[in-house]
Structures are given as C-alpha cells and as structure tokens.
Asks: 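I am attaching a structure below and will ask some questions about it afterwards.
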Amino acid sequence: MQDTPEFAELRSRLRRFVFPMSAAFMLWYLAYVLLASYAPEFMAIPVFGNINVGIVVGLLQFVTTFLITGLYVRYADTRLDPVAEKIRTRMEGY
C-alpha cells in the first residue's frame, strides 16, 4: 500500500503542511528566546500596567499553538482525511 500513488499523495499533502508550519513556529519561538536573551530592554517595555512586551509575546506563543492546531484540524479534515479514508476503504476491501 505504501507504494500506491494515493499513499504518496497523502504523505506529500501532510508534509506540505507540517514542515513549513513547524519551521515557522520554530523561528517564531527562536525569535522569542533571542529577544528575551539579547534584547531584555525591548522585552521590558510596558504595554499597559504591569504588562510588558515580553509577557505579550510569551502569551502569543500559546495563541500561535492553538491557531496552528486549528489550522491543522481544518487542513486534515479537508485535505488528508478524505484520501486516508479512500486508502482505508481500499485496504479493508469494501
């Protein structure tokens, strides 16, 4: 089954989403770490009250995680699951 064009297409679709999204998130996280390490005065800029840029950027890391999860679920529902279902049906002989 792994040699079929359908399975190759499924792997290709998965990789087209996962690799760029993983790279983008890692760069975003690395930027946060580098800013915290090398630009503490920037991260300490108050936004309002006791909330500073560092806290906002740190919280945006969580927001980004949930956003990526939502995007993946939508992508999987529309682009991956239909192909996987065809492969599963074919393997099970229905």
Side-chain angles (χ1 to χ4, degrees):
M1 186 52 64
Q2 292 179 359
D3 295 330
T4 63
E6 293 88 5
F7 190 78
E9 177 63 23
L10 181 62
R11 275 195 332 231
S12 175
R13 287 182 183 189
L14 179 67
R15 288 178 181 158
R16 276 182 275 179
F17 182 88
V18 170
F19 289 140
M21 198 61 69
S22 296
F25 185 78
M26 290 303 292
L27 288 173
W28 167 232
Y29 180 73
L30 180 63
Y32 174 68
V33 171
L34 291 175
L35 283 171
S37 298
Y38 296 106
E41 60 284 341
F42 171 73
M43 297 294 264
I45 295 172
V47 175
F48 80 102
N50 290 331
I51 307 298
N52 60 25
V53 172
I55 291 172
V56 171
V57 174
L59 290 174
L60 285 174
Q61 294 287 319
F62 290 101
V63 172
T64 305
T65 301
F66 290 114
L67 178 67
I68 290 171
T69 301
L71 290 171
Y72 176 75
V73 167
R74 187 169 18 163
Y75 184 80
D77 285 345
T78 59
R79 306 274 302 168
L80 301 177
D81 291 347
V83 177
E85 185 60 34
K86 286 180 187 175
I87 293 170
R88 186 179 308 110
T89 301
R90 193 161 142 203
M91 286 181 65
E92 293 173 352
Y94 293 115

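Everything numeric in this text was worked out from a predicted model, so none of it was measured. Residue numbers count from 1 along this sequence.
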Asks: Taking a hydrophobic cluster as the set of Ile, Leu, Val, Met, Phe, Trp and Tyr residues connected by side-chain heavy atoms closer than 4.5 Å, whether directly or through intermediates, do Met43 and Leu34 fall within one such cluster?
Replies: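 Hydrophobic grouping puts Met43 apart from Leu34.
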Asks: Less than 4.0 angstrom from a charged side-chain N to a carboxylate O is my criterion; do Glu9 and Arg16 meet it?
Replies: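 Looking at Arg16 together with Glu9, the answer is yes, because their closest N to O distance falls below 4.0 Å.
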Asks: Is there a side-chain contact between Thr4 and Arg90 in this structure, where contact means two heavy atoms from C-beta onward sitting under 4.5 Å apart?
Replies: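 The answer is yes; the side chains approach within 4.5 Å.
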Asks: Go through Met21 and Phe25 one step at a time and tell me if the side-chain contact (heavy atoms from CB on, under 4.5 Å) criterion holds.
Replies: CA-CA 6 Å; Met21 198 61 69; Phe25 185 78; 5.9 Å; no
Asks: On the 0 to 90° scale, with breaks at 30° and 60°, tag the Phe17-Tyr72 ring pair as parallel, tilted or perpendicular.
Replies: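 Ring orientation, 0 to 90° scale: tilted.
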Asks: First locate atom CD of Gln2, then atom CZ of Phe7, and finally report the distance between them rounded to the nearest 0.5 Å.
Replies: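 Atom-to-atom, Gln2:CD and Phe7:CZ are 5.0 Å apart.
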Asks: In Å and rounded to the nearest 0.5 Å, what is the CG to CD1 distance from Leu59 to Ile51?
Replies: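 Going from the CG atom of Leu59 to the CD1 atom of Ile51 covers 7.5 Å.
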Asks: Around Met26, counting heavy atoms of other residues, nucleotides and ligands shown, do more than 12 lie under 6.0 Å from its CE?
Replies: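 No, because the 6.0 Å sphere around CE of Met26 holds 12 heavy atoms or fewer from other groups.
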Asks: For residues Ala76 and Pro82, report the shortest heavy-atom separation together with the two atoms involved.
Replies: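 For Ala76 versus Pro82, the nearest heavy atoms are O-CD, 4.1 Å.
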Asks: With a 4.5 Å cut-off on side-chain heavy-atom distances among I, L, V, M, F, W and Y, is there a chain of contacts connecting Val73 to Leu10?
Replies: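 Val73 and Leu10: separate clusters.
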Asks: Answer yes or no: are there more than 12 heavy-atom neighbours, outside Met91 itself, under 6.0 Å from its atom CE?
Replies: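 Counting neighbours around CE of Met91, 12 or fewer heavy atoms of other residues, nucleotides or ligands fall under 6.0 Å, so no.
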Asks: About how many Å separate CD1 of Ile68 and OH of Tyr75, when rounded to the nearest 0.5 Å?
Replies: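 The CD1 atom of Ile68 is 14.5 Å from OH of Tyr75, to the nearest 0.5 Å.
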Asks: Please answer whether the main-chain N or O of Glu85 pairs with a side-chain N or O of Thr89 as donor and acceptor at a distance below 3.5 Å.
Replies: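 Yes; at least one donor-acceptor contact below 3.5 Å.
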Asks: Please work out whether the ring planes of Tyr32 and Tyr29 are parallel, tilted or perpendicular, with thresholds of 30° and 60°.
Replies: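 Tilted: the ring planes of Tyr32 and Tyr29 meet at 30° to 60°.
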Asks: Out of the candidates Asn50, Ile55, Val56, only one should pair with Asn52 under the side-chain contact (heavy atoms from CB on, under 4.5 Å) rule; please name it.
Replies: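 Result for side-chain contact (heavy atoms from CB on, under 4.5 Å) with Asn52: Ile55.
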Asks: So, do Val57 and Trp28 sit near enough that their side-chain heavy atoms are less than 4.5 Å apart?
Replies: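 Yes, close enough: below the 4.5 Å cut-off.
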Asks: Which heavy atom in Val83 sits nearest to a heavy atom in Arg13, and how many Å separate them?
Replies: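 Result for this residue pair: CG2-NH1, 3.3 Å.
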